[in-house]
Amino acid sequence: MNRIKHHVKKGDQVEIISGNYRGSSGRILAVFPGKQRVLVEGVRIIKKHLRKSQDNPSGKIAEREGPIHISNVRLLEREKPEKGAKSEKDKKGKHRPERSEATHK
């Protein structure tokens, strides 16, 4: 399966460089590589009207972030991995135990 690589990923701090939201910045909440869109925290807040239900007995107007095109964001700061997190090499099990000379004979 092919993976589409982009210049940003979830958790990165980005700035919006073009469009209606130019100049605003925030953290990436989600990346949709197939659609080339990202959700940025606090940017492009849209309102969704929810009808009455058991969860919302009187109905509700929910606010959430809307997606913007990935080309409109610029990376400001990459999210740093947590301390003690395993690297890619550790995950794949590349480390092999030392062979003793008794097994080489």
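Side chains included, hydrogens not; waters and symmetry mates left out as well; all remaining heavy atoms used.
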With sequence neighbours left out, the residues meeting side chain to side chain contact (heavy atoms under 4.5 Å, CB included) with Ser24 are Ile16, Tyr21, Val43

Closest non-hydrogen contact found for Arg27 with Gly11 is CG-O, 3.5 Å

List the atom pairs, donor and acceptor, that lie under 3.5 Å between side-chain atoms in residues 52-66 and the rest of the protein, sequence neighbours left out.
{"from": "Ser53", "atom 1": "OG", "to": "Asp55", "atom 2": "N", "distance (Å)": "3.4"}
{"from": "Ser53", "atom 1": "OG", "to": "Asn56", "atom 2": "N", "distance (Å)": "3.3"}
{"from": "Glu65", "atom 1": "OE2", "to": "Gly42", "atom 2": "N", "distance (Å)": "3.2"}

For residues 9-21, the salt bridge (Lys or Arg N to Asp or Glu O under 4.0 Å) pairs (sequence neighbours left out) are Asp12-Arg78, Glu15-Arg74

TODO: Please check if Ile17 and Val8 belong to a single hydrophobic cluster, counting links between Ile, Leu, Val, Met, Phe, Trp and Tyr side chain heavy atoms closer than 4.5 Å.
DONE: no

Please tabulate, one pair per line, all N/O donor-acceptor pairs under 3.5 Å involving side-chain atoms of residues 32-41, not counting sequence neighbours.
{"from": "Gln36", "atom 1": "OE1", "to": "His69", "atom 2": "NE2", "distance (Å)": "3.4"}

From the list Ile28, Leu76, Ile68, side chain to side chain contact (heavy atoms under 4.5 Å, CB included) partner of Val14 resolves to Ile28

Hey, does His7 have a side-chain heavy atom less than 4.5 Å from the side chain of Ile70? yes

